[in-house]
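Before any comments, here is the structure.
For this chain, numbers begin at 1 and follow the sequence in order.
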Amino acid sequence: FIDANKYLDLLRVYKDANRSEIIKFLIEKQKKEIFKVVVTDQVLDEFYRNEYLLRQIQVVVPALNLQPPYFLQNIPEVKKVAKMKDKLEKLAKKIQEKYIERLTNRNSAINKKIETIISKAFNISASPDIFEEAYFRILRGNPPGKARGCIGDAISWETLLAFCSDDDLVIVTRDSD
């Protein structure tokens, strides 16, 4: 089971992870039927609903706040750095545009790969009974679930409890609850 936050992580701007390797690994293992990815309707809804937030991510150039003493402001090196900074900001803007273009284009390579994972996944829908169990789980204060009153994680949890055996279920999430 891969939680929505991990699918969204595949689209986020991070320095530390090699997402292409993770995606390749998942697709390869699914093709070979080494394991089956489980996805709930709740996770799909959360992924597609929150995907638009990623469009607000900014690709930024680290600040180059060159503030030389007044008597060095007119030297060629300072002027050169200022021009480079302008070029970097323009390049960052182009990268941002391409990021948003690929994020919003359903036919982009990244979206096709995520769709491949999701389309081959075992999809589980929550029944009214599962919604009720999730609601009472939250009322009892029994995790998973956020303090802000959302029951999405509890719905996914109850769905997994109802449809998956606990001896072969692996949960991949960023959540601590």
Determine which pairs satisfy salt bridge (charged side-chain N to carboxylate O under 4.0 Å, His left out) with at least one residue from residues 154-164, sequence neighbours left out, and list them in order.
R137-E158
Please answer: with hydrophobic residues joined when any side-chain heavy atoms are less than 4.5 Å apart, are L26 and L169 in the same cluster?
yes
Show me the side-chain donor-acceptor pairs of residues 108-117 shorter than 3.5 Å, one per line, residues at least two apart or across chains.
residue, atom, partner, partner atom, Å
S108, OG, R102, O, 2.7
S108, OG, N105, O, 3.0
S108, OG, N111, N, 3.4
S108, OG, N111, ND2, 3.2
N111, ND2, R102, O, 3.0
N111, ND2, L103, O, 3.0
N111, ND2, N105, O, 2.9
E115, OE2, Y48, OH, 2.3
T116, OG1, K112, O, 2.8

Is it true that K83 and D86 have a side-chain N and a carboxylate O under 4.0 angstrom from each other?
no
From [atom1] ([X]) to [atom2] ([Y]), nearest 0.5 Å:
X: D153; Y: W157; atom1: CG; atom2: CH2; result: 10.5 Å
X: F1; Y: L160; atom1: CZ; atom2: CG; result: 5.0 Å
X: Y99; Y: T104; atom1: OH; atom2: OG1; result: 10.5 Å
X: Q30; Y: I27; atom1: CD; atom2: CD1; result: 7.5 Å
X: K79; Y: N74; atom1: NZ; atom2: CG; result: 5.0 Å

Might you confirm whether atom NZ of K29 has over 12 heavy atoms from other residues, nucleotides or ligands at distances under 6.0 Å?
yes
Contacts under 3.5 angstrom, residues 33-47 side chains, donor-acceptor by atom type, not counting sequence neighbours:
residue, atom, partner, partner atom, Å
K36, NZ, K120, O, 2.9
T40, OG1, V43, N, 3.1
T40, OG1, S156, OG, 3.2
D41, OD2, S125, OG, 2.6
D45, OD2, R49, NE, 3.3
D45, OD2, R49, NH2, 3.2

For residues 127-136, dump all side-chain donor-acceptor pairs below 3.5 Å to protein atoms at least two apart in sequence or in another chain.
residue, atom, partner, partner atom, Å
S127, OG, D129, N, 3.4
S127, OG, I130, N, 3.3

Show your working on salt bridge (charged side-chain N to carboxylate O under 4.0 Å, His left out) between D3 and K6 and close with a plain yes or no.
CA-CA 6 Å; D3 199 7; K6 295 308 281 183; over 6 Å; no
Which residues satisfy the salt bridge (charged side-chain N to carboxylate O under 4.0 Å, His left out) test with E28, sequence neighbours excluded?
K32
Minimum side-chain heavy-atom gap T173-I2 below 4.5 Å:
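No, side chains not in contact.
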